[in-house]
Amino acid sequence: MPNPRFITFILIFINVVALVTPKSTIEPCSNSDSCNALLAYTLYTDLKVSEVASLFQIDPVALLTANAIDISYPDVENHILPSQLFLKIPITCSCVDGIRKSVSTHYKTRPSDTLSTIADSIYAGLVSADQIKEANSIDDPSVLDVGQSLVVPLPCTCFNGTDNSLPAIYLSYVVKEVDTLAAIAARYATTLTDLMNVNAMGSVAIMAGDILAVPLPACASKFPRYAFDFGLIVPNGSYAISASHCVQCSCGPGNLNLYCMPASLAVSCSSMQCRNSNLMLGNVTWQQSSAGCKVTSCSYGGYVNGTIIATLSTSLQPRCPGLQQFPPLVAPPTTVIKDSTFAPAPAPQSDGSSTSTPTPKTGIVPTTRSLPGLPPASGPSGSISASFTANPSSTLVIAAVLFLFAMASIPL
């Protein structure tokens with residue numbers, strides 16, 4: 001008859017493995033809608049801007065503007081970004097097999113690659129080796145053909161583009177050894193309770209390798225559904241490009257109202273002048289009166305069938321808006337500054353501030369399976385914290401040590 005203590009220790013071994021396995025927040029879905037999302041990515045080596053963009057199959061300009069990097073620098077797409085630099089990667093979050101994730105990224109294998117190095121190093125723990133194996137129906141992960149194209153499923157969430165009923169874009173963040181949930185909340189100007197609700201957490205305990213959905217305050221567009229850029233949402237403190245590089249939109253820092261204007265990158269664009277006026281896209285005029293401030297603006301209304309929609313509107317406001325503020329730009333980074341990987345987005349300031357930031361000088365443009373469960377109280381609908389094997393080797397080492405320690409105490 002098996003020793004009862006032996007059986008007990010086997011159960012302890014299994015529970016230890018389960019407890020220390022990293023978690024990922026997933027969002028069940030049941031439609032084909034997609035949204036804009038962000039990945040928190042740390043460079044594994046020095047890479048050109050174009051190489052980072054190629055790694056995720058995104059527009060290099062979109063990468064730069066998402067991080068408020070000034071694109072006016074000569075040959076900026078070939079600028080070399082330093083290893084360990086933290087970047088926000090803009091991606092499209094889709095609904096695949098009932099779960100929100102991005103499957104638009106493909107990686108071409110090199111001679112020294114393994115599924116583990118691709119997952120843990122090149123993609124910085126945003127995906128696991130098992131997830132890549134499953135997504136590509138790989139029977140033998142030890143045999144990879146050089147030049148083989150692999151689908152890289154990346155974590156993302158939409159949650160209807162809101163957080164506590166306010167516009168938000170979600171950042172998939174890989175927890176580091178030094179992180180605490182409270183520090184992550186403070187870093188990204190949210191609350192501990194909000195992070196726990198979004199990620200369906202029962203406690204504040206986190207471990208390295210966990211992937212959290214972090215809501216970032218954002219400016220949301222109101223473009224019609226038939227517009228090419230329907231659903232455009234821009235995180236506070238950054239820019240986005242639209243309308244075939246013709247329009248740049250920014251968010252903050254003064255408020256969370258989306259502001260769009262012509263971009264200097266455009267080679268050929270449709271008219272950006274509002275009809276029946278001499279105002280161009282982004283122009284705002286105002287006139288103070290005893291009744292308030294009469295504000296007339298030429299606003300961007302979306303990109304429809306290759307045409308830029310410029311809409312003229314007039315409103316009476318309590319006070320005049322003042323000069324438009326823009327998120328501050330940074331030069332293309334050459335070194336990694338201490339704590340720069342943890343820099344939060346600028347917090348919104350109150351409207352009507354007298355301080356203004358000048359217009360950018362160059363016209364910058366600017367898996368898992370679905371699991372049963374209930375959404376957290378007051379959190380986004382459908383949030384589930386699910387296990388996945390991101391770093392199984394370290395997990396097994398810990399479990400094995402505890403198991404051997406337990407076995408040593410069993411009498412013969």
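At a threshold of 4.0 Å, the pair Lys133-Asp139 does not count as salt-bridged, since none of the basic side-chain nitrogens sits closer than that to a carboxylate oxygen.
Side-chain contact, Ser116 with Asp120: no donor N or O sits under 3.5 Å from an acceptor N or O. Remark: the Asn78 side chain and the Asp75 side chain contain an N/O donor-acceptor pair separated by less than 3.5 Å. Tyr188 and Asp194 form no side-chain donor-acceptor contact under 3.5 Å, judged by distance and modelled atom types alone. Asp130 and Ser128 share no donor-acceptor pair across their side chains, judged by distance under 3.5 Å alone. Side-chain contact of Thr307 with Ser270: a donor-acceptor pair under 3.5 Å is absent, judged by distance alone. There is a side-chain donor-acceptor pair under 3.5 Å between Asp113 and Tyr107. No donor-acceptor contact under 3.5 angstrom links the side chains of Ser271 and Gln273, judged on distance only. If you check the side chains of Ser83 and Asp46, you find no donor sitting under 3.5 Å from an acceptor. Of the N and O atoms on the side chains of Arg187 and Tyr173, at least one donor lies less than 3.5 Å from an acceptor on the other residue. Looking at Thr117 and Thr114, their side chains do bring a donor and an acceptor atom within 3.5 Å of each other.
Of all non-hydrogen atoms in Gly252 and Cys219, the two that sit nearest each other are N-SG, 4.1 Å. Among all heavy-atom pairs drawn from Pro332 and Val76, the shortest one is CG-CG2, 3.9 Å. Closest non-hydrogen pair, Pro215 versus Thr190, comes out as CG-OG1, 4.2 Å. Closest approach of Val151 and Ala135 over heavy atoms only: O-CB, 4.3 Å. Considering every non-hydrogen atom in both Val247 and Cys260, the closest pair reads CG1-CB, 3.8 Å. Nearest heavy-atom pair across Asn36 and Leu232 is ND2-CA, 3.6 Å.
Atom CD of Gln287 sits in a sparse spot, with 12 or fewer heavy atoms from other residues, nucleotides or ligands closer than 6.0 Å. For Asn305, the CG atom counts as loosely surrounded, since its 6.0 Å shell holds 12 or fewer non-hydrogen atoms of other residues, nucleotides or ligands.
Looking at Ser203, its side chain does come within 3.5 Å of a backbone N or O of Ala205 through a donor-acceptor pair. A donor-acceptor contact shorter than 3.5 Å links the side chain of Gln325 to the backbone of Gly254. For Asp179 (side chain) and Val175 (main-chain N/O), no donor-acceptor pair under 3.5 Å exists by modelled atom type. Checking side-chain atoms of Thr109 against main-chain N and O of Gly147 turns up a donor-acceptor pair under 3.5 Å. Judged purely by atom type and a 3.5 angstrom limit, Asn164 has no side-chain atom pairing as donor or acceptor with the backbone of Leu166. When atom types are taken as modelled, the side chain of Glu27 and the backbone of Cys158 share a donor-acceptor pair closer than 3.5 angstrom. Ser238 contributes a side-chain N or O that, together with a main-chain N or O of Pro235, makes up a donor-acceptor pair within less than 3.5 Å. Between the Asn160 side chain and the Thr162 main chain, no donor and acceptor come within less than 3.5 Å of each other. Looking only at distances, a side-chain donor or acceptor of Asn67 sits under 3.5 Å from a matching main-chain atom of Lys88. The backbone N or O of Val61 lies less than 3.5 Å from a partner atom in the side chain of Asp59, making a donor-acceptor pair.
Cys pair Cys93 and Cys35 fails the test of SG atoms under 2.5 Å apart.
Atoms SG and CD1, from Cys156 and Ile89 in turn, are 14.0 Å apart once rounded to the nearest 0.5 Å. Atom-to-atom distance recorded for Leu64:CG and Ile71:CD1 is 7.0 Å, nearest 0.5 angstrom.
Residues Phe326 and Tyr259 form a side-chain contact, since some pair of their non-hydrogen atoms from C-beta on lies under 4.5 Å apart. Here the side chains of Thr314 and Val295 are not in contact, with every heavy-atom distance at 4.5 Å or above.
Evaluation of the ring-ring contact (aromatic ring centres under 6.0 Å, His included) test over residues 25-71, restricted to residues two or more places apart or in two chains, returns Tyr41-Phe56, Phe56-Tyr123.
Partners of Tyr303 under the ring pair (Phe, Tyr, Trp, His ring centres under 6.0 Å) rule, at least two apart in sequence or in another chain, do not exist in this structure.
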